[in-house]
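One structure is given below, encoded as structure tokens.
Below, each value reflects all heavy atoms present in this structure, side chains not excepted, and no hydrogens, waters or symmetry copies. Since the structure is predicted, the reported quantities are computational estimates derived from the model, not experimental observations.
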Amino acid sequence: QVQLVESGGGLVQTGGSLRISCAASGDTICISTMGWYRQAPGKERDLVASIVTDNHNTHYADSVKGRFTISRDNTLNTIYLQMNNLKPDDTAVYYCNSISYDSPYCGKEYWGEGTLVTVSS
């Protein structure tokens, strides 16, 4: 099993910056991709950004390209999401996600409990 713990959420003004973190523990050797999803009230949970373990390839939702940066510290099994030029529409609960390699020894997917990011106008 993999455990994911997010930290760093909070309240920030429009145009401000915030960095959130997600620390993985447990069967971290199973993790092929980690990412951030977000869910605003009354909306679906959507992918924000992801990063591949092996080659650090990244993917971003169009709405955050140029403003958010995902990074990973493999020695700490931690990913970060640096969020700049924040907008009220970025207000959501941000969830950390991990996807495992296709192996009978690994669970498929794990989620953290989420961290709230609120952007005031």
Side-chain angles (χ1 to χ4, degrees):
Q1 292 216 350
V2 173
Q3 295 79 41
L4 303 172
V5 178
E6 302 100 334
S7 61
L11 175 64
V12 64
Q13 291 185 335
T14 296
S17 297
L18 199 64
R19 189 178 83 157
I20 55 178
S21 305
C22 172
S25 61
D27 295 332
T28 57
I29 195 171
C30 289
I31 298 175
S32 68
T33 303
M34 291 185 71
W36 291 98
Y37 286 70
R38 67 185 181 187
Q39 186 168 22
K43 295 189 177 181
E44 294 185 352
R45 189 176 298 187
D46 294 322
L47 176 66
V48 176
S50 64
I51 186 164
V52 178
T53 299
D54 293 342
N55 56 22
H56 286 212
N57 279 353
T58 58
H59 170 80
Y60 295 93
D62 288 343
S63 59
V64 306
K65 283 181 181 176
R67 299 189 298 124
F68 290 11
T69 302
I70 189 170
S71 60
R72 178 175 179 137
D73 186 331
N74 282 344
T75 61
L76 297 177
N77 291 312
T78 299
I79 64 168
Y80 307 93
L81 188 67
Q82 177 67 43
M83 302 180 288
N84 297 328
N85 190 21
L86 282 159
K87 306 174 182 180
D89 284 349
D90 295 317
T91 296
V93 177
Y94 284 70
Y95 294 93
C96 183
N97 169 270
S98 73
I99 297 174
S100 300
Y101 294 105
D102 185 14
S103 165
Y105 304 105
C106 299
K108 290 185 177 180
E109 186 174 27
Y110 296 92
W111 292 92
E113 294 189 351
T115 185
L116 177 62
V117 172
T118 303
V119 184
S120 63
S121 56

(request) Mind checking salt bridge (charged side-chain N to carboxylate O under 4.0 Å, His left out) for Asp62 and listing every partner two or more places apart, or none if nothing turns up? (result) Lys65
(message) Grouping I, L, V, M, F, W and Y whenever their side-chain heavy atoms are under 4.5 Å apart, do Met34 and Val64 come out in a common cluster?
(response) yes
(message) Show every salt bridge (charged side-chain N to carboxylate O under 4.0 Å, His left out) that has at least one partner inside residues 1-29, sequence neighbours left out.
(response) none
(message) Would you say Val48 ends up clustered with Ile99 if hydrophobic residues are merged whenever their side chains have heavy atoms under 4.5 Å apart, either directly or through other cluster members?
(response) no
Could you list the donor-acceptor pairs under 3.5 angstrom formed by side chains in residues 78-87, with sequence neighbours left out?
from: Thr78; atom 1: OG1; to: Leu76; atom 2: O; distance (Å): 3.0
from: Gln82; atom 1: NE2; to: Asn84; atom 2: OD1; distance (Å): 2.9
from: Asn84; atom 1: OD1; to: Ser17; atom 2: OG; distance (Å): 2.9

(message) Strictly by disulfide bond (SG atoms under 2.5 Å apart), give each pair with a member in residues 48-101 just once, sequence neighbours left out.
(response) Cys22-Cys96
(request) Each residue besides Tyr101 in its hydrophobic cluster should be listed here, by chain and number; the cluster joins Ile, Leu, Val, Met, Phe, Trp and Tyr at side-chain heavy-atom distances under 4.5 Å. (result) none
(message) Checking Asp90 now: which residues fulfil salt bridge (charged side-chain N to carboxylate O under 4.0 Å, His left out) with it, not counting sequence neighbours?
(response) Arg38, Arg67
(request) State which residue, out of Thr33, Thr28, Asn77, Val2, fulfils the side-chain contact (heavy atoms from CB on, under 4.5 Å) condition with Ser98. (result) Val2
(message) Checking Ser121 now: which residues fulfil side chain to side chain contact (heavy atoms under 4.5 Å, CB included) with it, not counting sequence neighbours?
(response) Thr14, Pro88
(request) Quick one: name the residues clustered hydrophobically with Val5, using the 4.5 Å side-chain heavy-atom rule over I, L, V, M, F, W, Y, and just say none if it's on its own. (result) none
(request) Measure across Val119 and Thr91 and return the closest heavy-atom pair with its distance rounded to 0.1 Å. (result) N-OG1, 2.9 Å
Exercise answer: donor-acceptor pairs, residues 105-116 side-chain atoms, under 3.5 Å, sequence neighbours excluded:
from: Glu109; atom 1: OE2; to: Asn97; atom 2: ND2; distance (Å): 2.9
from: Thr115; atom 1: OG1; to: Gly9; atom 2: N; distance (Å): 3.2

(message) Under 4.5 Å side-chain heavy-atom separation, chaining through any Ile, Leu, Val, Met, Phe, Trp or Tyr, what else clusters with Ile29? Say none if it is isolated.
(response) none
(request) Return the minimal non-hydrogen interatomic distance between Leu47 and Tyr37, and the atom names on each side. (result) N-CD2, 3.4 Å
(request) Just grab all the ring pair (Phe, Tyr, Trp, His ring centres under 6.0 Å) pairs involving residues 54-73, residues at least two apart or on different chains. (result) none
(message) Going by side chain to side chain contact (heavy atoms under 4.5 Å, CB included), name the residues that satisfy it together with Asn55, two or more places apart in sequence or in a different chain.
(response) Val52, Asn57
(message) Checking the side chain of Thr53 only, and the main-chain atoms of Ile31 only, is there a donor and an acceptor separated by less than 3.5 Å?
(response) yes
